[in-house]
Enquirer: 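Quick one: the structure is below, questions incoming.
Along the sequence shown, residues are numbered consecutively beginning with 1. We use all heavy atoms of the structure for the numbers below, so side chains are in, but hydrogens, waters and symmetry mates are not.
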Amino acid sequence: MLETLTHESFAPHLGSPFELRLEGRTLALELIDVKPYAGEAGRTPKRQPFSLFFRGPREVYLPQQVMPLHHPALGRLDIFVVPVGLETDGYRYEAVFT
C-alpha cells in the first residue's frame, strides 16, 4: 500500500494524530508538514518524491525505525521514520518517500 501513497494522500490529514503503539504504550505523532519534492531531471518516477514531518512528545525520544502508525482514515502504515531534532514543542521526525 505504501507504494501507492502520494503527498496528496496525506495533505488532508495535516494536524491530525497518528498513533504509534509500541511495547504496550501508545504515543501520538502529529502530522505537521507534507513537503513534495521535484523529481530528478530525465527520470520519470512512479510518484513525486515527498516527505512527511511529524511532531512527537518532548518526553520521549524515538530512534530511527519502522514505526507502525495508525490513522483513522489511512489505517495502519509501517513507515521508516527518522528523528530530525528536538524543538521547543517536541521531537520532530521525518519520513521520506521516493
Side-chain angles (χ1 to χ4, degrees):
M1 174 178 174
L2 287 179
E3 61 277 351
T4 63
L5 296 172
T6 65
H7 69 277
E8 290 96 348
S9 305
F10 291 95
H13 306 294
L14 277 171
S16 69
F18 285 69
E19 280 190 351
L20 172 61
R21 301 170 190 161
L22 289 176
E23 301 170 9
R25 185 175 187 182
T26 301
L27 298 173
L29 298 180
E30 179 187 359
L31 181 62
I32 58 172
D33 196 9
V34 178
K35 182 178 179 182
Y37 299 105
E40 292 179 34
R43 181 175 171 229
T44 307
K46 292 182 182 181
R47 67 173 165 207
Q48 181 180 12
F50 66 98
S51 284
L52 303 176
F53 292 92
F54 296 94
R55 179 182 305 116
R58 186 175 176 80
E59 303 78 30
V60 180
Y61 169 80
L62 300 167
Q64 70 179 23
Q65 61 186 304
V66 174
M67 295 184 187
L69 299 176
H70 301 263
H71 188 270
L74 298 170
R76 178 183 166 145
L77 303 169
D78 293 327
I79 300 175
F80 184 71
V81 180
V82 176
V84 176
L86 178 61
E87 299 177 348
T88 57
D89 49 358
Y91 282 98
R92 185 177 175 107
Y93 299 93
E94 180 179 14
V96 177
F97 292 77
T98 57

Enquirer: Which residue pairs satisfy the salt bridge (charged side-chain N to carboxylate O under 4.0 Å, His left out) criterion with at least one member in residues 56-66, sequence neighbours excluded?
Expert: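 For residues 56-66, and leaving out neighbouring residues, there are no salt bridge (charged side-chain N to carboxylate O under 4.0 Å, His left out) pairs at all.
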Enquirer: Group every Ile, Leu, Val, Met, Phe, Trp and Tyr by side-chain heavy-atom contacts under 4.5 Å, then state whether Leu86 and Val82 land in the same group.
Expert: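 No, Leu86 and Val82 fall in different hydrophobic clusters.
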Enquirer: Are Val96 and Phe10 connected into the same hydrophobic cluster when the rule is that any two of I, L, V, M, F, W, Y join if their side-chain heavy atoms are below 4.5 Å apart?
Expert: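 No.
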Enquirer: Within a strict 4.5 Å, meaning less than it, do heavy atoms of the Leu62 and Leu20 side chains meet?
Expert: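 They are in side-chain contact.
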Enquirer: Applying ring pair (Phe, Tyr, Trp, His ring centres under 6.0 Å) as the test, list every pair that has at least one member in residues 72-96; sequence neighbours left out.
Expert: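 Residue pairs passing ring pair (Phe, Tyr, Trp, His ring centres under 6.0 Å), neighbours aside: Tyr61-Tyr91.
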Enquirer: Determine, using the 4.5 Å side-chain heavy-atom cutoff (strictly less than), whether Val60 and Phe18 are members of one ILVMFWY cluster.
Expert: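 Same hydrophobic cluster.
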Enquirer: Check whether any side-chain N or O of Gln48 sits under 3.5 Å from a backbone N or O of Tyr37 as a donor-acceptor pair, and report yes or no.
Expert: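 Yes.
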Enquirer: Ignoring hydrogens and angles, write down the donor-acceptor pairs under 3.5 Å from the side chains of residues 24-35, residues two or more places apart or on other chains.
Expert:
from: Glu30; atom 1: OE1; to: Arg55; atom 2: NH1; distance (Å): 3.1

Enquirer: Please find the pair of heavy atoms, one from Ile79 and one from Ala95, that lie closest to each other, and give the distance.
Expert: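 Closest approach of Ile79 to Ala95, heavy atoms only: CG2-CB, 3.4 Å.
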Enquirer: Find out whether Phe54 and Leu69 are in side-chain contact, i.e. whether some heavy atom of one side chain is under 4.5 Å from a heavy atom of the other.
Expert: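 Answer yes - side chains close enough.
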Enquirer: Given a cutoff of under 4.5 Å between side-chain heavy atoms of I, L, V, M, F, W and Y, with clusters grown through shared members, what are the other residues clustered with Val84?
Expert: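 When side chains under 4.5 Å apart are linked, Val84 ends up in no cluster with other residues.
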Enquirer: Return the set of residues passing side-chain hydrogen bond (donor to acceptor under 3.5 Å, both in side chains) with Glu8 (not counting sequence neighbours), or none when no residue passes.
Expert: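 Once residues adjacent in sequence are excluded, the partners of Glu8 under the side-chain hydrogen bond (donor to acceptor under 3.5 Å, both in side chains) criterion are Thr6.
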Enquirer: So, using salt bridge (Lys or Arg N to Asp or Glu O under 4.0 Å) as the criterion, who are the partners of Glu19 when residues are at least two apart?
Expert: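 By the salt bridge (Lys or Arg N to Asp or Glu O under 4.0 Å) rule, Glu19 matches Arg21.
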Enquirer: With sequence neighbours excluded, tell me which residues meet side-chain hydrogen bond (donor to acceptor under 3.5 Å, both in side chains) with His71.
Expert: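 For His71, the residues satisfying side-chain hydrogen bond (donor to acceptor under 3.5 Å, both in side chains) (neighbours in sequence not counted) are Ser16.
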